[in-house]
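Just below is one structure, and these are the notes that go with it.
Reminder, nothing fancy here: chain letters follow the sequence lines and each chain counts from 1.
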Amino acid sequence: MERAKRSLPQPLRSESAQAERPATSILRFSTAGSVDDGKSTLIGRLLYDSKGVYEDQLASVAKASANGSGGHIDLALLTDGLRAEREQGITIDVAYRYFSTPKRKFIIADTPGHEQYTRNMATGASTADLAIILIDARNGVLPQSRRHAFIANLLGIRHFVVAINKMDLVNFDEGAYNAIRDEFTTFMGKIGAPAALFIPISARDGDNVVEKSARSPWYSGPPLLEYLEEVAVYAGNETLPARFPVQYVLRPNLDFRGYAGQIASGILRQGDLVLALPARRHSRIERIVTYDGDLASAQAPQSVTICLEDEIDISRGDMIVPALNAPHVARRFRSSIVWMNARPLEPGRSYFIKHTSHQVRGVIRGIHHRLDVNTLAHVDAQKLELNEIGEISVETHRPLFFDPYKTNRTTGAFIVIDPLSNETLGAGMIIDVEGKEETRGQVTADERATRFGNRSVVIAVDDSEAALLLERELFDRGAMVAVVAEADATALALANAAGLILIVSGTAPANSIDARRLATHEVVGVLERRGVLTGHEEQLLEGEGI
Amino acid sequence: MDHLDLLEAESIQIIREVAAEFSNPVMLYSIGKDSSCMVRLAQKAFFPGKIPFPLLHIDTTYKFREMIEFRDKFIESIGARLIVHTNRQAIADGANPLRIGTQKCCGLLKTRALLDGLAAGGYDAAFGGARRDEEKSRAKERVYSFRDEFGQWDPKTQRPELWNVYNSRVDKGQHIRVFPLSNWTELDVWQYIEREHIPIVPLYYAKERPMVVRGGALIPVEQDFMLLPGEKPQMVMCRMRSLGCSPCTGAIHSEADTIEKIIDEMKLVRRSERENRVIDHDQEGSMEIKKREGYF
Ligand SMILES: Nc1nc2c(ncn2[C@@H]2O[C@H](COP(=O)(O)OP(=O)(O)O)[C@@H](O)[C@H]2O)c(=O)[nH]1
């Protein structure tokens, strides 16, 4: 193996020592604006002025511009990805763009401005440190502008830039700028968002984008790019208590047992006294292992492997935390949620909840209210539709280890997955633990049904082959199911008590669903119609939204 | 942590998540610089263990000789398991880009072969080294890109993707393509290769090579190369900016014979890397069409 390694072409290096390259950080920001506010033009300009666009891409944009609009090069086309969108001339999904300056690498989550796409805005904001909100100087603050700020704030963004665009069309009038600034500042205060920086720009002409404009002498702040290069972000995560969700257990040989994961927050040091959840066992960090050698300490968001001094049974989904500063461990919590699917959120239904590296079954216990993003009013709601935002109570099958999203954007976040269609339905931001973890009386059939996603029933099928096919199908859908050849009274009683779907391949018991001579998918259809599979009472509305 | 540390941490998180949640993942290995980078990240993710999934190379048989030599040495040196899949039937039927056109040739030798290779292994997740900055239609690609039973990609059915919480649930026959380098740019990849001393195919370094000019592109003359009437090979100082099949990969004029020079060239160059791939120019938006059909 050594020999093979030596004969491999290693990177060829210049004679001179490795070129000195300044360390750069990353700034992730999202952009949002109403249609035609000039968002695409602004991004195009940032890419263009920072040389983030290649000549051949420009040429193909010029070609597309010639087919459609005007004849001049339209900077907005640089950021329009997909065919359908290009034809409709509107962006409909989150697109990621990259550019860098010597000071920073930038990742833009470019989200569409259309009213319907709250879901995309939330997606783009979820990983962003900063939000740029575009406002057309002629139109002033629109409902969409407020909605963007609201969603960005909900998703935990701490830095806001309000770019007041098309200032060239209002003669760089300071009064127009001030009016928008004052109105928006009031709004930001009302939703509890941090103070924003307001920059008067012309995306088309480049004023105050990269260089300070002579056309706005009354503006004393920095141009946009300078601010993006300088703004201090990603402070804070290291100062939070350490959280280490275990992703993967590494056991390459009998002598090594390491827990691989990405530090969600804080700092871990060799020798730290830690607590493993949910086992609640204490140990110390023996080693912090990486491919590049052991570390004395590691900080968020590094991906490392941790070895503990004691043998503790830890598996994926568990969390290693400081012994004296543990997160909440609870099955019931209150949360904000952005609903992202055409099939509405309905209380009582069973979903998968994915939280850090942990996936559990959970039930939405209730909706406290829906939030009207335009009026900020709390509205009573029985369900949450696509692109609606609300506050809910969640109960999970097994405890989650979490912090409020406001303090920790990693351990406070979760997604909701449909156990049947596998789609991602919603994005949740945990507010706090809810109620006491009560011990209740006897477990009811309803409780079992919400947890397992099925009610108890006995099904008679033709033979053992049909039984196994059906079992596999139902099991894969998350149901509690078992197959027996014959079922006596005891077996039937047990299945009923346990909430089990029992498939019988021999003599059909009384009161069983007769599925003989039915194909597997037909049986599933029957079970759905009868409400046996509780997660599947209605058909998915497809083709709405995206 | 600098930007490379941040990108590395993010990519490792993605790779581990896939290894933990899927029952049968595979890593597409194309021998190029992005693949080399991705494989290193996988080594880091599971250190001190070995990469717990196989690598899959879709070999069109039109790869440069140097690429195949490099592949075999590289795989041996890291102790990984390599699976090579080729659309033998199409080769036997004489598929080649000059005879049947680049679009059809790619369709058979890359897309078809990839889908067959994935189906043959029963993989439910396949890592690819694609980056979002490569091409416009990739800008909206998710890190986890959902593919239906036919391996096809539909921009409308992609799942929302928030934070670093990925939805790995698929039904039988469906799979997820995973792009751990989504947020890397070409420059990031080169800087990482430099910093980590990652071995790469020598074709990336500038050297005098026999070339012909075809359709405005600089095409290397390999063994069995079919010269068209009027074409004459000439020695040109050049290098490959991305590696594809030899008849369809254009070189660029370059003096960059070390990694530092490549990085400096990168910082100046104003042309995107895919431009030198002949295949993308068949039709406007052609990458998107290929992707819908199942191409990476
Ligand atoms: N006068 C002027 N026009 C602008 C400016 N920014 C954008 N536009 C124009 O406004 C229109 C919409 O811009 P676009 O970037 O496509 O808006 P988007 O829908 O927000 O992406 C285009 O015709 C642009 O040329 C600006 O600063 N000044």
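- Taking each heavy atom of B:Phe47 and A:Thr305 in turn, the nearest pair found is O-OG1, 4.2 Å.
- The candidate with the highest count of non-hydrogen atom pairs below 4.5 Å against chain B, out of A:Leu250, A:Thr356, A:Thr127, is A:Leu250.
- Both the backbone and the side chain of A:Thr123 have a heavy atom closer than 4.5 Å to some heavy atom of chain B.
- No donor-acceptor pair under 3.5 Å is formed between the side chain of A:Gln247 and the backbone N or O of B:Ala20.
- Among the candidates A:Val304, A:Val249, A:Leu155, A:Leu425, the residue making the largest number of heavy-atom pairs closer than 4.5 Å to chain B is A:Val304.
- With rounding to the nearest 0.5 Å, the separation of OH in A:Tyr291 from CD in B:Glu8 is 10.5 Å.
- The minimum heavy-atom distance between B:Gly49 and A:Pro252, with the atom names listed, is CA-CB, 3.6 Å.
- Per-residue heavy-atom pair counts under 4.5 Å with chain A were compared for B:Ile262, B:Leu7, B:Leu187, and the maximum is reached by B:Leu7.
- In this structure, the side chains of B:Val165 and A:Phe414 stay at 4.5 Å or more apart for every pair of heavy atoms.
- At least one side-chain heavy atom of A:Met429 sits under 4.5 Å from a side-chain heavy atom of B:Trp163.
- In A:Phe475, the CZ atom is not crowded: 12 or fewer heavy atoms of neighbouring residues, nucleotides or ligands sit closer than 6.0 Å.
- Take A:Asp292 and apply the salt bridge (Lys or Arg N to Asp or Glu O under 4.0 Å) test, not counting sequence neighbours, and it matches B:Lys44.
- Across all their heavy atoms, B:Arg16 and A:Tyr248 have their closest contact at O-CD1, 4.0 Å.
- Residue contact with chain A, scored on non-hydrogen atoms closer than 4.5 Å, involves the backbone and the side chain of B:Gln43 alike.
- Look at A:Asp476 and B:Lys172 and you find no salt bridge, because none of the NZ, NE, NH1 or NH2 atoms lies under 4.0 Å from a carboxylate O.
- In this structure a side-chain-to-backbone donor-acceptor pair under 3.5 Å is missing from A:Arg97 to B:Ala139.
- The CD1 atom of B:Ile176 sits 8.5 Å away from atom CG of A:Asn422, with the distance rounded to the nearest 0.5 Å.
- Atoms CD1 and CG, from A:Ile415 and B:Leu162 in turn, are 7.5 Å apart once rounded to the nearest 0.5 Å.
- Taking OG1 of B:Thr185 as the start and CZ of A:Phe106 as the end, the distance is 13.0 Å to the nearest 0.5 Å.
- The side-chain heavy atoms of B:Arg169 and A:Gln359, taken from C-beta on, include a pair separated by under 4.5 Å.
- Here the side chains of A:Ile417 and B:Arg159 are not in contact, with every heavy-atom distance at 4.5 Å or above.
- With sequence neighbours excluded, the residues forming a salt bridge (Lys or Arg N to Asp or Glu O under 4.0 Å) with B:Arg71 are B:Asp59, listed by chain and number.
- Interface remark: of the candidates B:Pro52, B:Ser168, B:Pro160, B:Pro160 forms the most heavy-atom pairs closer than 4.5 Å to chain A.
- Residue A:Lys354 touches chain B through both its backbone and its side chain, counting heavy-atom pairs closer than 4.5 Å.
- Annotation: B:Glu208, atom CD; neighbour count of heavy atoms from other residues, nucleotides and ligands within 6.0 Å is above 12.
- Counting heavy-atom pairs closer than 4.5 Å to chain B, the top residue among A:Arg251, A:Gln262, A:Arg28, A:Arg409 is A:Gln262.
- Of the two parts of B:Asp171, the backbone and the side chain both hold a non-hydrogen atom closer than 4.5 Å to a non-hydrogen atom of chain A.
- By the 4.5 Å heavy-atom criterion applied to side chains, B:Met1 and A:Gln299 are counted as neighbours.
- Between B:Asp188 atom CG and A:Thr24 atom OG1 the span is 7.5 Å, to the nearest 0.5 Å.
- Using a 4.5 Å cut-off between heavy atoms, A:Arg104 makes no contact with chain B at all.
- For the atom pair CZ (B:Arg142) and OH (A:Tyr96), the distance works out to 7.0 Å, reported to the nearest 0.5 Å.
- In terms of heavy-atom proximity, A:Val289 sits nearest to B:Pro48 at CG1-CD, 4.4 Å.
- In this structure, the portions of B:Asn183 lying under 4.5 Å from any heavy atom of chain A include both its backbone and its side chain.
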